[in-house]
There are 2 protein chains.
Amino acid sequence: MARRRGSHSDITGPKIREAALRLIAQHGCAAVSMRKIAEDVGLQVGALYNYTPDKQSLLFDLMETHMVDLLAELGKLPALDGPIEQLDQFVRFHITYHLPRRDEVFVSYMELRNLSPENFERIQALRSQYEGALEAILEAGEASDDFTFTDRHITTLSIIAQLTGITNWYREDGRLTIDEVATIYCDLIQRSVASAQA
Amino acid sequence: MARRRGSHSDITGPKIREAALRLIAQHGCAAVSMRKIAEDVGLQVGALYNYTPDKQSLLFDLMETHMVDLLAELGKLPALDGPIEQLDQFVRFHITYHLPRRDEVFVSYMELRNLSPENFERIQALRSQYEGALEAILEAGEASDDFTFTDRHITTLSIIAQLTGITNWYREDGRLTIDEVATIYCDLIQRSVASAQA
DNA sequence: AAGCTAACTGAACAAGCGTTCATTTGCCAA
DNA sequence: TTGGCAAATGAACGCTTGTTCAGTTAGCTT
């Protein structure tokens with residue numbers, strides 16, 4: 001066989017995805033044309049269609065990849081015993097995973113409304129899986145009397161929002177390292193759910 | 001004088017703003033054309049330009065109006081004595097003001113990147129003012145030993161993110177009233193900043 | 001009733017959009 | 001060295017975009 005798919009494709013494919021991710025995060029999906037993505041990579045528009053059937057699929061692929069990768073990494077965490085330790089682990093994982101991936105997070109949250117209904121549902125399902133992991137920790141903590149809250153599900157969503165909000169203000173060259181931010185949030189969140197000390 | 005500005009203008013102006021806000025919140029600024037806004041109101045495109053010089057100004061106006069109104073309402077709150085009461089008041093105000101204004105909140109947060117640099121700065125300044133009000137409460141609570149946290153500014157941003165996230169999942173026809181949500185969040189947030197009991 | 005003018009129409013503008021495809025390029029296997 | 005095919009080009013498609021503007025409509029003021 002001569003010239004299998006992959007000689008340039010291995011390089012160009014990821015380059016397109018990287019450019020698309022960066023540009024869409026910056027300007028929004030509807031504001032970034034296929035031509036601008038191609039220009040950023042150094043191609044003509046037509047070439048993009050060797051890598052994606054259409055713009056919608058490209059957007060969906062970026063979002064799905066992010067969510068799948070996130071869940072895969074979450075699954076690799078070592079199992080811990082107590083809910084308090086598990087909550088710390090989750091919070092720290094969320095922060096250290098998300099902060100170096102600002103573009104992915106931005107796109108995955110802001111471009112949901114530009115997905116077709118079926119694509120939207122698939123991303124939502126992945127997101128629910130992630131939220132479910134946190135809610136399970138809260139449930140365990142409730143059972144062991146480590147945690148107390150008025151409404152478990154809302155507490156889950158509250159914590160997720162709190163954590164995801166970090167990507168809106170965190171700057172790598174700011175005064176805090178990712179680890180310091182993680183420590184601050186572990187403290188805030190543990191206190192917000194901790195049962196009153198006996 | 002005959003036919004002063006205002007005979008139809010009083011009605012059409014707000015109708016355009018309402019339609020623009022709703023459509024932009026739903027689809028994003030770049031995805032909503034001036035023609036779609038006009039169609040929604042029942043006009044031809046050209047008529048819109050009697051009310052806004054261009055699309056950018058329309059978007060900015062929607063965002064600025066929201067922020068200015070928000071700050072005005074915040075300013076009307078009765079002054080309370082203790083930081084704990086002030087924090088409760090702020091949280092409850094944020095929730096009751098924002099939840100019935102989902103479109104405004106959505107647009108004000110998601111369309112920041114579609115603003116020109118100078119318009120962006122003006123909105124950011126208004127937002128900082130709002131965050132400053134919360135930070136002042138936290139500062140007072142720190143001084144009175146009611147509150148304890150690792151980093152005051154980050155705690156401020158964290159609480160704002162936590163509160164603003166509510167608009168992403170709250171549904172008017174859901175199982176909780178706005179007041180119930182407010183109570184849950186007052187509890188969560190108070191516990192996350194409260195000093196250990198003596 | 002008449003006339004003024006705010007409000008709106010409808011057509012036009014150049015530019016840009018997503019997508020398609022016949023054609024060219026250039027690397028690799030033979 | 002040559003043939004084959006993946007990869008990229010470049011032009012074209014019909015359509016939509018934001019914005020402008022000369023002209024039409026209609027309601028208030030006199």
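No hydrogens, no waters, no symmetry mates; every other heavy atom, side chains included, goes into these values. Residue numbering restarts at 1 for every chain, and letters A, B, ... go by the order of the sequence lines.
- Atom CG of Leu48(B) is separated from atom P of dT17(D) by 13 Å (rounded to the nearest Å).
- Within 4.0 Å (heavy atoms only), Val41(A) reaches no atom of the nucleic acid at all.
- Nearest nucleotide to the side chain of Asn50(B), out of dT9(D), dA7(C), dG18(D): dA7(C).
- Atom-to-atom, CG of Asp10(A) to P of dA8(D) comes out at 11 Å; the value is rounded to the nearest Å.
- Note on Lys36(A): every side-chain N or O is 4.0 Å or more away from OP1 and OP2 of dG16(C).
- The number of heavy-atom neighbours closer than 6.0 Å to CD of Gln124(B), taken from other residues, nucleotides and ligands shown, is above 12.
- There is a side-chain donor-acceptor pair under 3.5 Å between Tyr109(B) and Arg127(B).
- Of all nucleotides listed (dA8(D), dG18(C), dT9(D)), dT9(D) comes nearest to the side chain of Gln44(A).
- One interatomic measurement links the two molecules: CD1 of Ile37(B) to C1' of dT19(D), which rounds to 14 Å at whole-angstrom precision.
- Closest to the Tyr51(A) side chain, of the nucleotides dT19(D), dT19(C), dA7(D), is dA7(D).
- Residue Tyr49(B) places its side chain closer to dT19(D) than to any other of dG10(D), dA8(D), dT19(D).
- Comparing dC8(C), dG18(C), dG18(D) by their nearest atom to the side chain of Ala47(B) picks out dC8(C).
- Checked against a 6.0 Å centroid threshold, the rings of His94(B) and Tyr130(B) count as neighbours.
- For Thr12(A), a side-chain nitrogen or oxygen approaches OP1 or OP2 of dA8(D) to under 4.0 Å.
- A donor-acceptor pair shorter than 3.5 Å can be found between the side chains of Asp146(A) and Ser144(A).
- For Leu43(B), whose side chain is taken as the heavy atoms from C-beta onward, the closest listed nucleotide among dT19(C), dT9(D), dT9(C) is dT9(C).
- Take the nearest nucleotide of DNA chain D for Gly46(B) and for Arg35(A): the residue whose nucleotide is more 5' is Arg35(A).
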